[in-house]
2 protein chains.
Amino acid sequence: MSTATVSRALRGLPHVSVETRDTIKRIAAELGYVPSSNASGLARGRTDAFGVLVPSFTEWFGATVLEGVDRELRKANFDLVIYEIGTSAQQRERVFNRSLLRNRTDALLALCIDFTPVEREQLASDDLPAVMIGGSVRGIRGIGIDERATARQATEHLLALGHHDIVHLNGNPEIGLNPLVALGRRKGFEEALTAAGVAVDPRRHVFGDFSLAAARTAMNAVLATSAQRPTAVFASSDEMAIGAILAAWDHGLRVPDDLSVIGIDGHPLGVSFGLTTLAQDPAGQGALAVSTLLNELNGHGRRVRFPRAPTTFISRSTTGPAP
Amino acid sequence: MSTATVSRALRGLPHVSVETRDTIKRIAAELGYVPSSNASGLARGRTDAFGVLVPSFTEWFGATVLEGVDRELRKANFDLVIYEIGTSAQQRERVFNRSLLRNRTDALLALCIDFTPVEREQLASDDLPAVMIGGSVRGIRGIGIDERATARQATEHLLALGHHDIVHLNGNPEIGLNPLVALGRRKGFEEALTAAGVAVDPRRHVFGDFSLAAARTAMNAVLATSAQRPTAVFASSDEMAIGAILAAWDHGLRVPDDLSVIGIDGHPLGVSFGLTTLAQDPAGQGALAVSTLLNELNGHGRRVRFPRAPTTFISRSTTGPAP
DNA sequence: TTGAAAGCGGTACCAG
DNA sequence: CTGGTACCGCTTTCAA
């Protein structure tokens, strides 16, 4: 058998007789033969791998996106190369100067990262197809929910229940993540208020760092010092919403009787707290990004733009009528 | 310039004049040249990448290990290829038959996975250096805490506070993860009880699936039906411990006044609940595995055995004297 | 110090 | 349907 025939047989290409193919496959299995991805990749100019840039492994959104990415990649027999790039510019520079451009991947996914203009330029100039998940950025295609509309919907839910004094527990836009998400959610919150004829009070804009602990601290401060207590909280993430619930408990307040809380995300922990939320589907977003890029790599269609990722209102038990 | 000289210059090898090297580096930078990892890997018989098998992206232990693995890999300019292999044997077979043996990685890390004998054999026969993190398995080197001693220490803490009726909230050993961790923790629990002259009551062995929600449900059942209420809970993981705390709250019980709770892990969420726990350092375990394997790949030393990973007692506010 | 040339392990084109 | 054979882009040995 020539190497050519073996190669064809093993990859399921045509022009190989059935019996030849079977023989080759059997022997390959016996020998435990597996082609070298390096050699194959070199010859084909492909790597059969996607790269993903994540801000952190331990953060829910990114991890859940990876779940979907991996699922879709696995179907296509692609591998997944992950680069964790914290919020430090130094780490990021390393990745950009070396790994990204190292031709180890056929495409790139970035998770809600706040790229610098230089980085965006590098990404664009590089021929690697790239998509950003969790908030789009100029120059790179993005897939994500409609931040503003989602925030508005959450706020409207609270308004409809009669709440007028609502705290917006938001993420700080300056922590290296894509600032557009915090900004967009703020905007949607204010829009809803304004549309309902409720005044926007800047003191009700509180920062919880997108983390449970920080949100709890921030809300504790609000509940401790406010001359007048808010009756509801709109949190830009479920983890912050749970922090708000714990803060309410810290103050002996009942949820939702004394304080209503709504979040965004659909974090699994929300179930345990009966959290009302607007759920998104990070795994679905990741899977969509992969299948689209895979399609484009195969020459089917070019440069699709993504529609807004869907969001689902999940009504549980942390929101109720204003007291 | 010949390709040979360029190759030497760019990789910092000797036998290149300083000025030649500088020129080459400058031009390479201008051109944005980056060597193809495939070609380089093919020529050197190396991939400069590690593979990691994780049960799930969204589970705390694995994600935290990845954090440490990535940190150490990045230092060495290695890339990280991740294979998520749920608990389904089918998915795993895919990985084993294809990816693992695909020569995309120089070494393999597996996170607390319950390999079948066949899989173990494949791993062993393959020349890939491998280490298992979070519970060792026959045939593969492992790095992890001393399950039994840690569980015993946690239980002893409770006993010392005067508790005699202790529930062990354990993980179910049959969910695809390494069963030795649940078994070892059970053993340590019973040892401590026996050493203290306390009878082991099988009805106090409750399964929480290593998850918060399941643990809460399980504990709710205990608290609802027990003729006599336990005064303390030893949970095999912090997430389950938090589930127990929520269950206590569900029943209007105060922690630790009515029920003491201790966990194992050092999960960040524990901080928010004041959880007393025996913390381990998953990132450190991952980093150690990587640096060791890296060393061995470079020919320095061979087949190190790992000492037990350390554990730290963190006393917070969920344990107190028995009522 | 530098360059020439032989692989590394596949793929793909072309001829038989 | 099958085999021969130039590469793919880089590393490495050997000479110059």
Side-chain angles (χ1 to χ4, degrees), chain A residues 1-49 76-79 81 97-106 126-128 297-299, chain B residues 1-49 76-79 81 97-106 126-128 297-299:
Chain A
M1 298 288 153
S2 73
T3 63
T5 306
V6 172
S7 177
R8 282 186 293 248
L10 256 25
R11 289 184 304 150
L13 296 186
H15 308 299
V16 182
S17 76
V18 183
E19 48 184 32
T20 305
R21 185 188 304 279
D22 286 347
T23 311
I24 291 178
K25 281 195 170 172
R26 187 175 46 72
I27 297 188
E30 278 173 15
L31 265 46
Y33 168 81
V34 175
S36 147
S37 64
N38 273 337
S40 161
L42 178 56
R44 293 179 309 146
R46 280 261 204 147
T47 64
D48 284 2
N77 265 263
F78 267 59
D79 286 326
V81 183
N97 285 335
R98 204 198 99 250
S99 310
L100 278 199
L101 310 159
R102 196 171 173 178
N103 309 40
R104 200 191 272 290
T105 64
D106 293 338
D126 210 286
D127 54 10
L128 269 192
L297 285 179
N298 293 333
Chain B
M1 298 285 152
S2 73
T3 63
T5 306
V6 172
S7 177
R8 282 186 293 247
L10 255 25
R11 288 184 305 148
L13 296 186
H15 308 299
V16 182
S17 76
V18 183
E19 49 184 32
T20 305
R21 185 188 305 279
D22 287 348
T23 310
I24 290 178
K25 282 195 170 172
R26 186 175 46 72
I27 298 187
E30 278 173 15
L31 265 46
Y33 168 80
V34 175
S36 146
S37 65
N38 272 338
S40 160
L42 177 56
R44 292 178 311 147
R46 280 262 205 146
T47 63
D48 284 1
N77 265 263
F78 268 58
D79 287 327
V81 183
N97 285 337
R98 202 199 100 252
S99 310
L100 280 198
L101 310 159
R102 195 171 174 178
N103 309 41
R104 199 191 273 289
T105 64
D106 292 338
D126 210 285
D127 53 10
L128 268 193
L297 285 179
N298 293 334

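Order of the sequence lines sets the chain letters (A, B, ...), proteins ahead of strands, with each chain counted from 1.
Distance from the side chain of A:R11 is smallest for C:dA12 among the nucleotides C:dA12, D:dG9, D:dT2. Closest to the A:S7 side chain, of the nucleotides D:dC10, C:dT11, C:dG10, is C:dT11. In this structure, the nucleotide among D:dT2, C:dG3, D:dG9 sitting nearest to the side chain of A:L42 is D:dG9.
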Audit row: A:T5, A:I24, side-chain contact (heavy atoms from CB on, under 4.5 Å) steps and yes/no: CA-CA 9 Å; A:T5 306; A:I24 291 178; 3.9 Å; yes
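Taking atom CD on B:E19 and atom C1' on C:dT1, their separation rounds to 11 Å, with Å as the unit. Here the P atom of nucleotide C:dC13 and the CG atom of A:L13 are 11 Å apart, to the nearest Å. Rounded to an integer number of Å, the gap from A:H15 NE2 to C:dA15 P is 15 Å. Rounding to whole angstrom units, CZ of residue A:R104 and P of D:dC10 are separated by 14 Å. The interatomic distance linking A:D106 (CG) with D:dC8 (P) rounds to 18 Å, in whole Å. Going from atom CG of B:L10 over to atom C1' of D:dT12 covers 16 Å, rounded to whole Å. To the nearest angstrom, C1' of C:dG9 lies 19 Å from CZ of A:R46. The nearest whole Å value for the distance from the CZ atom in B:R44 to the C1' atom in D:dT13 is 17 Å.
The shortest distance between the side-chain N/O atoms of B:S17 and the OP1/OP2 oxygens of C:dT2 is below 4.0 Å. Phosphate contact (OP1/OP2 of D:dG3, side-chain N/O of A:T3, threshold under 4.0 Å): absent. In terms of phosphate contacts, B:S36 brings no side-chain nitrogen or oxygen within less than 4.0 Å of OP1 or OP2 of D:dC10. Side-chain N/O atoms of A:S2 include none lying less than 4.0 angstrom from OP1 or OP2 on D:dT2.
More than 12 heavy atoms of other residues, nucleotides or ligands lie within 6.0 Å of CD in A:E30, so this atom counts as buried by the packing criterion.
A donor-acceptor pair under 3.5 Å is formed between the side chain of A:R21 and the backbone N or O of A:L13.
Looking only at side-chain heavy atoms (C-beta outward), B:L128 and B:T105 come within less than 4.5 Å of each other. Proximity of A:M1 to A:T20: side-chain heavy atoms (C-beta onward) are separated by under 4.5 Å at one or more points.
B:R8 contributes a side-chain N or O that forms a donor-acceptor pair with the base of C:dG3 under 3.5 Å.
Heavy-atom distances to DNA chain D give each of B:A39 and A:A4 a nearest nucleotide, and the one nearer the 5′ end belongs to A:A4.
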